[in-house]
Amino acid sequence: MTENVVHLHKATDPPPADAVTTLTVVPETPPAPAVPLWVRSGRAVKSAVTHETTRAAGRAVVRHSLYTLNGGRIVACRAWDGRTGSRYERMIRAAEAAGNLEAAEEWEERLQRFRAARHHRRMDLLHSPVDAAKGVAVGAGMSVGALVALGVVMAISTGHVSDVLTPLDATIEFIALLIRIVQVVWGPALTLAPFLGLLALWSVGRKQHAAPAWALPANVRTGEGEPITPSIVVKALRDLGVPTLARAIKEMGDAGASMLSPIKIAGCGVEVDVTLPSGVSTDEVQKRRKKLAENLTRHEHEVFITLPEAARTVRLWIADSGALDEPIGPSPLATDETLTADYAKGKAPWGQDLRGDAATLSLYQRHLLITGLSNQGKTAALRSLALWLALDRSVEFRIADLKGAGDWAMYDGLATVLIQGPTDDHVIDATEMLEGGVSEMERRLQAPPGTVFPPLILLVDEAQVAFMCPLVDADKRPYGGSKATSRYFMAARKIHNQGRAVNVLLWQGTQDPTDQNLPKLVREGAHTRASLALGTESQARMALGDKAVDGGAAPNLLRPGLDKGTVVVASDGIAIPTGQASITVRTHYISTDDATEIAERAKRLRDGVTTLTVVDRGEERDPLADILTVFGDTHRLLTQDVLKRLDALNSEAYGGWTPGDLRRVLEGTGAEPYKSDGRMVVARERLTRALANRDNDGSASAS
């Protein structure tokens, strides 16, 4: 490198001869080349395109354009549906896909009616021009005649003949004014009409969010309630937090699609079976129900997980968003006044299952237990079953309502025993009512083989009050509790053990099941077990049993206050999908007023029932007077009915009576049983006469 030597001298002093200053000068770095204009322009364009404001503006343009375009499509589809039968055809295909042939037939019938009405309208159009012309001519003639008549009246009144045409002239001038107004408005209206039409289409599209998800505003781009597709289900399972499941899905060549059965419409939702890969248990999916629901953009209560028969398989039922919060409609008991019941062969219309199908329950020879938290609809669900069964005139009810709020008051005159109240005295009455049922059961068990017995329903609502009662009787036997000395507990156990064989059944409703207020032996003696919302899984196991809970039953996951009337049922008396141990039913709600009306219909089926509100005990009995008492307003009773009512009146005194005992008491009084239509009966009129004529020493009433 060549050095440039520069000699520097001071301005004032001459430099010494030997002084040389050397300065090395390094050449300057050449300036960086200028960025080409086209590069700078490209960067600016890229920055402008990718800027959030630009992207938001682009989404807005696309969104509103598609609102208008798809709004027109929606309006066109609606118009097409209104003019053709395509809507009915879609519903028929959906019903057939769901396997609901009854619904398919109903929609087919509606389609035929629509086509017939459309044909009738089209035929009417052939005659409408002539009819319209005739109508216009007649109307015009009548109008002109009326105006002329009005003019004549005016002319007579004013005395001017020219007034005859005044109304007609005024009408012509009014019509001319309307024509001028239309001429002025017509031009702007034609100009604005297209814009107004586009605005209407945009409004329709905006309400339906008729644009791609990426173009929608952030507040509606949440996916809430989006349709369930195979990819959504697989993604929800992959993100469930089960490492083995996530790895298996990633390794599958079809991205997990082979795990899924076809997605089927099931009521107000869809249903799909998922075959889990090796190494993943069904329990791992069940325990993550909440996370799975959120992955499917649903709430926890909108996803149900059950276990079908196939091994390593879970069945997912996914509700349409918000569908479970909609009411299911009134009970057939409240809408169909001709509805009747059949204890042996019929099924009670209880509500709807999650598929939207009617849920009916057989009550034949099945003890019943309904549990749930307070104020969740337990009494209403239990009462709706009893109201249906009351429409079978052969069924006898003995009811103890240990809440005493009047929920069962409509059974006064329908039940032979009706105890209402929460006190210890009411518990004593309820206990003795059950013990009377035991006596009746034992009498029936000793009857000749082949004897047919009418159903006797012993119903105790708020049964936990009886189990928790601290009282003891004169023999130091407790009324409550779960020991072998407990009177209520032992009566319930005896009925559970042998009652169904002779149609003596125990129905109980209770709150918050625990070992203290619902002993294990009693709850396991019920054939039909149902539960509304509960607080914990342990309570769910007490209510429904381990098998039902292990199979997916989860009343503890129902929402207290929001899922009122929704019960999880474990019973062979209701249709449960194959492989499941329980079914969830949304029960019909029957108000107290409707229940009273249904009870009145049931009373009209009977000859008259005397309802006892207190179970008599411990005093001297007058059999003849008691026999008249149980008649009530009935004029004639079968001897068997008299014996049943006497047993309900006082089981200790009359529980063991036979027809021979009844005949012995009435013998010589003039009120002896006699045959009517081939059956032995007792007449109320004869009893009244016998009581009036009997001796003052009471010899006729001696037992």
Side-chain angles (χ1 to χ4, degrees), residues 98 100 266-269 271 300-307 315 317-320 323-335 339 341 346-364 366-373 375-389 507-510 513 526-534 539-540 543-545 547-549 551-590 595:
N100 192 345
C268 56
E271 186 177 78
E300 183 179 9
H301 71 278
E302 294 175 330
V303 174
F304 287 80
I305 305 174
T306 54
L307 304 180
R315 177 168 295 162
W317 184 86
I318 307 160
D320 298 335
L324 295 184
D325 296 325
E326 298 293 330
I328 65 170
S331 169
L333 292 173
T335 57
L339 190 67
K347 290 189 174 183
W350 208 11
Q352 292 181 1
D353 62 16
L354 297 179
R355 294 170 169 266
D357 298 331
T360 57
L361 179 67
S362 173
L363 303 174
Y364 178 65
R366 290 178 176 87
H367 301 299
L368 178 68
L369 173 65
I370 296 182
T371 63
L373 298 176
N375 197 32
Q376 297 304 307
K378 171 175 53 61
T379 297
L382 182 61
R383 189 176 64 186
S384 65
L385 296 176
L387 286 170
W388 175 80
L389 196 56
W507 293 7
Q508 296 182 98
T510 183
H527 303 97
T528 295
R529 300 167 72 172
S531 176
L532 294 102
L534 289 173
Q539 288 181 326
L544 299 176
K547 179 181 179 181
V549 174
N556 52 300
L557 296 181
L558 294 174
R559 302 167 297 167
L562 297 178
D563 290 325
K564 280 188 176 182
T566 299
V567 296
V568 182
V569 187
S571 171
D572 61 350
I574 192 170
I576 297 178
T578 304
Q580 296 180 200
S582 65
I583 187 172
T584 301
V585 176
R586 303 171 68 198
T587 61
H588 294 295
Y589 173 70
I590 301 177

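Numbers here simply count residues along the sequence, with the first being 1.
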* Asked: For the side chain of R383 and the backbone of A381, is there at least one donor-acceptor N/O pair under 3.5 Å apart?
  -> no
* To do: Heavy atoms only: give me the nearest L532-G565 pair and the separation to one decimal.
  => CD2-N, 3.7 Å
* Approximate separation, where rounding is to 0.5 Å, of S571 OG and I583 CD1 -> 10.5 Å
* Asked: Just by distance, do the side chain of R529 and the backbone of A543 share a donor-acceptor pair under 3.5 Å?
  -> yes
* Side chain of W350, backbone of V585: donor and acceptor closer than 3.5 Å? -> no
* Would you name the heavy atoms of L333 and P349 that are closest together and state the gap between them? => CG-CG, 4.5 Å
* Indicate yes or no: at least one non-hydrogen side-chain atom of P555 is less than 4.5 angstrom from one of L544. => yes
* Closest heavy-atom contact between Q376 and G561? -> OE1-N, 3.0 Å
* Judged by atom type as modelled, is there a donor-acceptor pair below 3.5 Å linking the side chain of W507 to the main-chain atoms of I370? -> no
* side-chain contact (heavy atoms from CB on, under 4.5 Å) against T360, all qualifying residues, sequence neighbours excluded -> K347
* Asked: Would you find a donor on one side and an acceptor on the other, under 3.5 Å apart, between the side chain of D357 and the backbone of D353?
  -> no
* Donor-acceptor pair, Q508 side chain versus L368 backbone, under 3.5 Å? -> no
* **Distance, nearest 0.5 Å, that separates CG of L557 from CG of D563** => 10.5 Å
* Quick one: are L558 and V568 in side-chain contact, heavy atoms under 4.5 Å? -> yes
* Kindly compute the distance separating CG (L387) from CG (L339), expressed to the nearest 0.5 Å. => 11.5 Å
* With sequence neighbours excluded, what pairs up with H367 under the ring-ring contact (aromatic ring centres under 6.0 Å, His included) test? -> H496, H527
* To do: Can you see which heavy atom on L369 is nearest to which on A526, and at what distance?
  => CB-CB, 3.7 Å
* Structure fact -> Separation between CZ (R366) and CG (D572), nearest 0.5 Å, reads 4.5 Å
* Asked: Can you name the nearest heavy-atom pair linking W388 to G346, along with the distance?
  -> CH2-C, 3.6 Å
* **T371 and Q539, any side-chain heavy atoms less than 4.5 Å apart** => no
* **Sub-4.5 Å side-chain heavy-atom contact between W317 and T584** => no
* Structure fact -> What one should report as the nearest heavy-atom pair of I328 and G351 is CD1-CA, 4.2 Å
* Distance from H588 atom NE2 to T335 atom OG1, nearest 0.5 Å? -> 8.5 Å
